[in-house]
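Scroll down for the structure; my scribbles are underneath it.
Order of listing sets the numbers, starting from 1, for every ligand and every atom in it. The model shown is predicted, which means the values in this text are computed figures rather than measured ones. Numbering starts at 1 and runs along the sequence shown. What's counted below: heavy atoms across the whole structure, side chains too, no hydrogens, waters or symmetry copies.
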Amino acid sequence: MRVPFIAGNWKMFKNRAEAREFAEEFKKLYKDTDVQTAICAPFTDLETLVEAFAGTDIKVGAQNVHFADEGAYTGEVSVAMLEDIGVDFCIVGHSERRQYFAETDETVNLKLKKLLTGAIRPIMCVGESLDERDAGSAFDRVKSQLQLGLADIDAKDTARIVIAYEPIWAIGTGRTATPEQAEEMCAFIRNTLIELYDEDTADEMIIQYGGSVKPANATDIMNMDEIDGALVGGASLKAKDFMEIIDF
Ligand code: 13P
C-alpha cells in the first residue's frame with residue numbers, strides 16, 4: 001500500500017522567523033493522520049525547520065540541489081550539504097526551475113542519480129505547458145520527461161522517488177486541473193512507469209498532483225485512485241490551510 005504524501009513547497013517565501021512561527025503553529029494544529037507530510041523550504045530555512053520538527057513525523061525538504069559532489073558552482077548546494085542539515089526530501093525539476101533556471105531533463109536525471117546515492121528522497125516534477133495541453137501533446141511531453149529524467153535509474157531505487165505531476169497552467173493560477181484531468185495524467189504516468197520498469201515497481205511509486213491545491217479541492221483530488229498525494233504551493237504557506245489539506 002502506498003502511504004499518501006502531501007508536501008508543501010514554499011518556493012521563495014518566508015525568512016527564518018517566519019519559518020519558526022509557521023512550525024510552531026503547525027505543530028499545534030498537527031494531528032496524526034495516515035498522511036506523510038513535509039515542507040520544502042528555501043535553503044536558508046532548512047535548519048530552522050529540521051530543528052523545529054525534530055521528534056515529530058513532519059519531514060523537511062529542499063527545493064533544489066546540484067549534482068556535483070562539490071566544486072566551483074557559485075550559488076549551488078550539494079547533496080552532502082543537505083544531508084548534513086538532515087533534510088528528508090528534495091524537489092527536482094520543478095517547472096519554475098525548468099523555466100527560469102534552465103533546468104533540463106538531463107540535469108534532472110543527474111540530480112536524481114546523485115540523490116539516490118544517499119538517503120534524501122527526490123520529488124521529481126513533470127508537467128506540460130498550456131500550449132502543449134492545447135496542442136494535444138501533454139501526454140507525449142510528460143512521457144518524455146519521465147523517460148529522460150529516469151534514464152539509467154534502476155528499478156530497485158525507484159520506490160524512493162516521488163513523482164509530482166504539475167501542469168504548468170495550474171500552478172499559482174487558481175486554475176486547478178479537474179480531479180479527472182489530474183487522475184487521467186497520473187494514471188498515464190503510472191502506465192509509463194510500468195513500461196519503463198514493471199507493474200510492481202510502478203505500484204510502489206507515489207504520484208502527487210500539484211497546481212492550485214487548496215482546502216476546498218483537496219478531498220476531490222486525494223480521492224482519486226491514481227493520485228497518492230499533493231505538492232502544495234501557495235496554500236502551504238498558512239499552517240491552518242496546509243493542515244486542512246493534510247486532513248482532507
Ligand atoms: P500552487 O499550489 O501555488 O499552485 O503551486 C503549485 C506548485 O508549484 C507546487 O510545487
Check each N or O atom of ligand 1 against all protein N or O atoms and list the pairs under 3.5 Å, with atom names and distances to 0.1 Å, one per line.
residue	atom	partner	partner atom	Å
ligand 1	2 (O)	Ser212	N	3.4
ligand 1	2 (O)	Gly233	N	2.9
ligand 1	3 (O)	Gly234	N	2.8
ligand 1	4 (O)	Gly172	N	2.6
ligand 1	4 (O)	Ser212	N	2.7
ligand 1	5 (O)	Lys11	NZ	3.2
ligand 1	8 (O)	Lys11	NZ	2.8
ligand 1	8 (O)	His94	NE2	2.8
ligand 1	8 (O)	Glu166	OE1	3.3
ligand 1	10 (O)	Asn9	ND2	3.0
ligand 1	10 (O)	His94	NE2	2.9
ligand 1	10 (O)	Glu166	OE1	3.1
ligand 1	10 (O)	Glu166	OE2	2.8

Which pairs with one or both residues in residues 25-50 pass side-chain hydrogen bond (donor to acceptor under 3.5 Å, both in side chains), sequence neighbours excluded? Lys31-Asp247

Return the orientation label for the Phe26 and Phe242 ring planes: parallel under 30°, perpendicular over 60°, tilted otherwise. tilted

Any salt bridge linking Lys114 with Asp69? Criterion: basic side-chain nitrogen under 4.0 Å from a carboxylate oxygen. yes

Please list all pairs meeting salt bridge (charged side-chain N to carboxylate O under 4.0 Å, His left out) that have one or both residues in residues 204-224, counting only residues at least two apart or in different chains. none

Applied to residues 79-88, the side-chain hydrogen bond (donor to acceptor under 3.5 Å, both in side chains) test, sequence neighbours excluded, yields none

Could you tell me whether Phe5 and Phe89 have their ring centroids closer than 6.0 angstrom? yes

